[in-house]
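Report on one structure; see the data block that follows.
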Number of protein chains: 2
Amino acid sequence: MARTRSATFDQQRASILQAAAGLFAERGYEGASMAELAQACGVSKPLLYHYYRDKQHMLFDIADSYMDRLRTIVEQVRERQLPPEDHLRTLIAQFMQEYQHSQPQHMVLVQDVKFLADLQRAQVLGKERAVVEAFAQAIAALKPRLRKKALRVPLAMILFGMINWTFTWLKPGGRMGYKEFAEQVVEMVEHGLAKGNVPTGAASSSN
Amino acid sequence: MARTRSATFDQQRASILQAAAGLFAERGYEGASMAELAQACGVSKPLLYHYYRDKQHMLFDIADSYMDRLRTIVEQVRERQLPPEDHLRTLIAQFMQEYQHSQPQHMVLVQDVKFLADLQRAQVLGKERAVVEAFAQAIAALKPRLRKKALRVPLAMILFGMINWTFTWLKPGGRMGYKEFAEQVVEMVEHGLAKGNVPTGAASSSN
DNA sequence: CCTACCGATCGGTAGG
DNA sequence: CCTACCGATCGGTAGG
C-alpha cells in the first residue's frame with residue numbers, strides 16, 4: 001500500500017512557494033539560487049525537489065496561482081451585478097487590496113514570466129488576457145457611447161498601468177496607503193485631474 | 001605621444017550597448033550570457049571587455065544613459081515655458097515618442113536595476129526621482145488648488161503607470177500607435193473616462 | 001610600449 | 001533526507 005502524503009505537505013509546499021516568490025522578486029528568477037531558497041526555507045536543497053520538480057515549476061505555480069486569485073476577484077465582483085460605475089470602482093478597490101498582500105507574486109508575474117516554457121507561459125498569459133478583457137468590458141459598460149471599439153483594451157491597459165505600476169514604488173506600510181491610492185485611481189478614471197482633490201469625503205467643492 | 005583611441009571606438013561601444021540592451025531585455029540580465037552578446041555583436045568575447053570593464057558596467061551604462069535622455073526631454077520641455085496644460089501634454093507626448101524607440105532600454109531600467117552595485121543603483125534612482133519630481137511639478141501647476149501636497153507624487157506615479165506600463169503590451173508597429181496612445185493618456189489625465197472619445201479631431205460631442 | 005584583438009582556458013558556481 | 005558530488009556553463013582573463 002502506497003504511503004499517503006504527509007498531512008502537512010500542502011502547507012509546506014505553500015510556505016516554500018511564498019518564500020520562493022519573495023526571493024525571485026528580490027533577486028530575479030535567474031539570480032536566485034536553489035541553495036539560497038533552501039536556506040531561507042530552513043530545509044535542505046534536495047528537499048525542495050520533493051515539493052517541486054524543478055525551479056521552473058515553482059515559477060509557474062507562483063504566477064499561475066496568483067492569476068487564479070485575480071480571476072477569482074473578477075468573478076466574485078461580476079456576480080454582484082453592480083451598476084457600471086460601482087462595478088469598476090469595486091474592481092479597482094479589490095485589486096489594490098489584493099496587491100497590498102501580493103507584492104512578491106506581482107513582481108514575479110511582471111518580471112519573470114519570460115523564463116517559463118512556452119506552454120506554461122501561454123497558460124499564464126491566457127489568464128492575464130481574461131482579466132484584461134473583464135476590465136475592458138467594465139470600462140465599455142461605463143462608456144456606452146464609445147465610438148472606437150479598438151479603444152476598449154488600450155483604455156483597460158491605461159487603468160492597469162495606474163494600478164500595476166505600484167509594484168515599483170508603493171510599499172505596504174508606507175506613507176500612501178493602498179486604499180487611499182485606490183480612491184485616487186477611481187478619481188482619475190472618473191474625472192481625470194479636472195476636479196479638486198477631496199478624496200475621503202471631506203469638504204465639498206462648494207467651499 | 002600616446003596613441004589616441006580609434007575613431008570608431010565610440011560608435012563600436014554604442015552599438016555594443018544597443019545589442020546588450022536588446023539581449024538583457026529579452027533574456028534578463030542574469031539570463032543573458034556574455035558569449036551570446038558577443039555573438040550578437042559579431043565580435044569575440046574578450047573584445048567586449050575592451051569596451052566595458054564588466055557586464056555590470058554595461059547594465060549601468062544602459063540605465064544611466066537612458067535616464068539622461070529622459071532628463072534631457074524634461075529639460076527641453078521646461079525651457080519652452082509652456083502654459084501648464086500644454087506643458088503636461090508635451091511631456092506625455094515626448095515621453096511616448098521616446099518610448100517608441102527605447103523599449104529595450106526601458107525594460108532593462110524597470111527589470112534589471114536591482115542587479116547594479118549600490119552606488120550605481122543610487123545614481124540611476126536619483127535621476128529617476130528627478131524625472132518624477134518634474135512630472136509632479138507639472139501636475140501641481142495644473143492643479144493650483146491641490147489641497148494635499150502629499151498627493152503630488154502619487155498623482156505623478158499614476159501618470160507614469162499609464163505610460164510606463166506600455167512596455168508590457170504596446171509594441172512598435174502594432175495596431176495601437178504610440179502617438180494615438182499618448183492622446184488617450186492626455187484625455188484620461190484631463191477628463192478621465194467622463195467624456196466621449198473623439199481622439200483625433202473628428203466629429204465634436206455636439207453631434 | 002601602446003592599442004587592438006585572437007584562441008584557449010581560468011576559478012567558481014549554477015541547477016540537479 | 002542528508003552529504004557529496006556530477007555535467008554544463010557562467011563571467012572574466014591568461015599568454016602571445
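Predicted model, so just to flag it, every value in this text is computed and none were measured.
Listed pair His50(B) / dC5(C) fails the phosphate criterion, with no side-chain N or O lying under 4.0 Å from OP1 or OP2. One finds a side-chain N or O of Ser44(B) lying less than 4.0 angstrom from the OP1 or OP2 phosphate oxygen of dC6(C).
A straight line from CZ of Phe115(B) to P of dG11(D) spans 12 Å, rounded to a whole angstrom. Atoms NZ (Lys45(A)) and P (dC5(D)) sit 14 Å apart, rounded to a whole Å. Taking atom CG of residue Leu48(B) and atom P of nucleotide dC10(D), one finds them 14 Å apart after rounding to whole Å. Here the P atom of nucleotide dG12(D) and the CD atom of Glu36(B) are 15 Å apart, to the nearest Å. Separating the OH atom of Tyr51(B) from the C1' atom of dA4(C) is a distance of 8 Å, rounded to the nearest angstrom. Atom C1' of nucleotide dG12(D) and atom CG of Asp54(B) are separated by 9 Å, given to the nearest angstrom. Atom CD in Gln56(B) sits roughly 15 Å away from atom C1' in dC10(D) (whole-Å rounding). For the pair Leu59(A) CG and dG16(C) C1', the interatomic distance rounds to 17 Å; values are reported in whole Å.
Using cut-offs of 30° and 60° on the angle between ring planes, the pair Trp165(B) and His106(A) is tilted.
Ion pairing between a basic and an acidic side chain is recognised when a charged N comes within 4.0 Å of a carboxylate O; Arg13(B) and Asp10(B) show no such pairing. Between Glu30(A) and Arg27(B) there is no salt bridge, since no side-chain N of the basic residue sits under 4.0 Å from a carboxylate O of the acidic one.
Nearest-nucleotide assignment on DNA chain D puts the 5′-proximal partner with Val43(A), out of Pro46(B) and Val43(A).
Under the salt bridge (Lys or Arg N to Asp or Glu O under 4.0 Å) rule, Glu133(B) has a single partner from Arg71(B), Lys127(B), Arg152(B), which is Arg152(B).
Here the shortest heavy-atom pairing between Ala138(A) and Leu88(A) reads CB-CD1, 3.9 Å. For the residue pair Met188(A) and Leu193(A), the shortest heavy atom distance occurs at CE-CD2, 3.7 Å.
The residue Ala38(A) sits apart from the nucleic acid: no heavy atom pair falls under 4.0 Å.
Donor-acceptor pairing under 3.5 Å is lacking for the side chains of Gln94(B) and Thr90(B).
With both ends at atom P, the span from dG16(D) to dG12(D) equals 24 Å, rounded to whole Å.
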Intra- and inter-strand pairs of DNA chain D in dot-bracket (Watson-Crick or G-U wobble, both distances under 3.5 Å; | for another strand):
....||.|.||.|.|.
